Amino acid sequence: MTAARQHPPIHIVGVPVDVGAGQKGASMGPAALRIVGLVETLEGLGLTVRDLGDVAPADGDLTASDRRARIAGWCHALAERSYGVMREGAFPVFLGGDHSLSIGSVSGIARHCAENGRPLFVLWLDAHGDFNTPATSPSGNLHGMPAAFLCGEEGFDGIVPPAYRAPVDPSHVHLFGIRSLDPGERALLRARGVEVADMRLIDEYGVAVLLRRIIERVRAAGGHLHVSLDIDFLDPSFAPAVGTAVPGGATYREAHLIMEMLHDSGIVGSLDIVELNPILDERGRSAQALVDLAASLLGRRILDTPAYTPARSL
């Protein structure tokens, strides 16, 4: 089925970076998502899709010996591309690449939202909190720190240009599906008031109840919701292509329900798809799962009928 309402054009941006992770391979994620038909799938929904190719930092940033300098190069370039896509009125879809790319993608969106006086909210679908800082991280890998960066934590000078340093209100960041936290980030999350829906909470209340609260909050504020989808949010039994797999993730139907509800809400304006490592995939099944989820977020549904609204009890 095609998307039922008019949707902004989709601009695809590949970000083949894996320098922020501890394991190589995520740099091939954008190519894998294209190969299994992301663009064609979205066009099949009646959407206007433009593939902008892969973003690339300056040559000096690519060859720098310091990992932080190389990541800064990627994030500088991506923040500028992200901001440009938003100014054009398009819906950006960023294909990763490791999760450090969200420093760049969300920074560009945050600048655009700040200039237009629109509150930015972030839904972080992930097994991990990604709220470490250089001072708390056990590994030093920057793909475990982007949420902390976005919320304005210290220790990230020079990662993006000052013009793109528009911190997101920590109370506007919603971590969803969490099942692995380091002690330092656990303490920071509590101190900053970030809302965390871990898998215990999801098991107890279900994804629909918890997600509906987030949707209602963003809608009431007239906000822009950015969705950052890490493949390890999903259970590795059907999406194994990730170097940081954690058992007990979202099921196939839970993940699609989330995407379908987000589409029905009409509040999502941008998307990251990150941490797909094709080296660890099984005949492209993980890449295909992510394409199918993107399709659900952008309008694929079984029937063109309104979402069911249960009657209120008297």
Side-chain angles (χ1 to χ4, degrees), residues 15 17-18 20-23 26 29 93-106 109 120-133 136-139 141-151 153 168 170 172-186 188-190 192 194-203 207 210-211 214 225-252 254-259 262 268 270-277 280 286 289-290 293-294 297:
V15 195
V17 57
D18 56 18
Q23 183 172 354
V93 177
F94 305 99
L95 310 181
D98 72 67
H99 219 155
S100 68
L101 72 85
S102 295
I103 291 174
S105 65
V106 183
I109 293 163
L120 173 61
F121 292 78
V122 178
L123 177 60
W124 202 264
L125 301 173
D126 204 313
H128 307 88
D130 293 347
F131 216 84
N132 273 303
T133 70
T136 67
S137 172
S139 69
N141 293 328
L142 212 66
H143 74 160
M145 307 184 202
F149 169 90
L150 296 173
C151 289
E153 293 298 323
V168 182
H172 288 187
V173 176
H174 297 268
L175 306 186
F176 204 92
I178 306 303
R179 52 196 188 278
S180 177
L181 290 174
D182 295 316
E185 63 182 343
R186 183 181 293 111
L188 268 179
L189 287 166
R190 286 173 175 164
R192 302 300 183 252
V194 176
E195 185 172 296
V196 180
D198 62 9
M199 288 308 297
R200 160 64 193 271
L201 207 59
I202 289 172
D203 288 343
V207 296
L210 299 174
L211 185 63
I214 297 170
L225 181 63
H226 175 81
V227 176
S228 196
L229 171 61
D230 188 318
I231 189 174
D232 70 20
F233 168 71
L234 308 173
D235 193 82
S237 62
F238 74 95
V242 59
T244 53
V246 183
T251 67
Y252 180 88
E254 283 175 331
H256 277 280
L257 176 58
I258 289 167
M259 296 302 168
L262 288 171
V268 179
S270 47
L271 171 67
D272 299 327
I273 303 174
V274 303
E275 296 287 355
L276 172 66
N277 187 335
L280 305 174
S286 302
L290 290 172
L293 288 171
L297 176 65

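Numbering of residues begins at 1 and proceeds along the displayed sequence. The shown structure was predicted, so the numbers you read here are calculated from the model rather than taken from an experiment. In what follows, every heavy atom counts, from backbone to side chain, and hydrogens, waters and symmetry copies are set aside.
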Is there a side-chain contact between Leu123 and Leu262 (heavy atoms, below 4.5 Å)? yes

Closer than 3.5 angstrom, by distance alone: can the side chain of [X] be matched with the main-chain N or O of [Y] as a donor-acceptor pair?
X      : Y      : value
Glu275 : Gly243 : no
Ser286 : Ala241 : yes
Asp126 : Gly129 : no
His174 : Glu195 : no

Can you measure from [atom1] ([X]) to [atom2] ([Y]) and round to the nearest 0.5 angstrom?
X      : Y      : atom1 : atom2 : value
Leu276 : Asp232 : CG    : CG    : 11.5 Å
Ile273 : Asp230 : CD1   : CG    : 11.5 Å
Leu293 : Leu234 : CG    : CG    : 6.0 Å
Leu271 : Leu229 : CG    : CG    : 6.5 Å
Met259 : Leu211 : CE    : CG    : 9.5 Å
Phe131 : Leu175 : CZ    : CG    : 7.5 Å

Kindly determine whether Leu280 and Gln23 satisfy side chain to side chain contact (heavy atoms under 4.5 Å, CB included), including the steps that lead there. CA-CA 11 Å; Leu280 305 174; Gln23 183 172 354; 3.9 Å; yes

Could you check Phe176 against Val207 for side chain to side chain contact (heavy atoms under 4.5 Å, CB included), going step by step and ending with a plain yes or no? CA-CA 9 Å; Phe176 204 92; Val207 296; 4.1 Å; yes

For a side chain to side chain contact (heavy atoms under 4.5 Å, CB included) check, start with the C-alpha distance between Leu189 and Leu181, then their side-chain angles and the critical distance, and finish with the verdict. CA-CA 10 Å; Leu189 287 166; Leu181 290 174; 3.8 Å; yes

Which pair of non-hydrogen atoms, one from [X] and one from [Y], has the smallest distance, and what is that distance?
X      : Y      : answer
Ile109 : Phe94  : CD1-CE1, 4.1 Å
Ser137 : Met145 : CB-CE, 3.6 Å
His128 : Thr244 : CE1-O, 3.3 Å
Asp130 : Glu185 : N-OE1, 3.3 Å
Val246 : Ser180 : CG2-CB, 4.4 Å
Ile258 : Phe233 : CD1-CZ, 3.5 Å

Those residues that, when tested against [X], pass side-chain contact (heavy atoms from CB on, under 4.5 Å) (two or more places apart):
X      : value
Pro170 : Cys151, Arg192, Val194
Ser237 : Asp235
Ser228 : His99, Ser102, Trp124, His226, Asp272

Could you work out, with side chain to side chain donor-acceptor pair (under 3.5 Å) as the rule, every residue matching Asp182, not counting sequence neighbours? Asn132

Test of understanding: with side chain to side chain donor-acceptor pair (under 3.5 Å), list the residues that count as partners of Arg179, not counting sequence neighbours. none

His256: ring pair (Phe, Tyr, Trp, His ring centres under 6.0 Å) partners, not counting sequence neighbours: Tyr252

Does the side chain to side chain contact (heavy atoms under 4.5 Å, CB included) test come out yes or no for Leu120 and Val106, once each step is laid out? CA-CA 9 Å; Leu120 173 61; Val106 183; 4.0 Å; yes

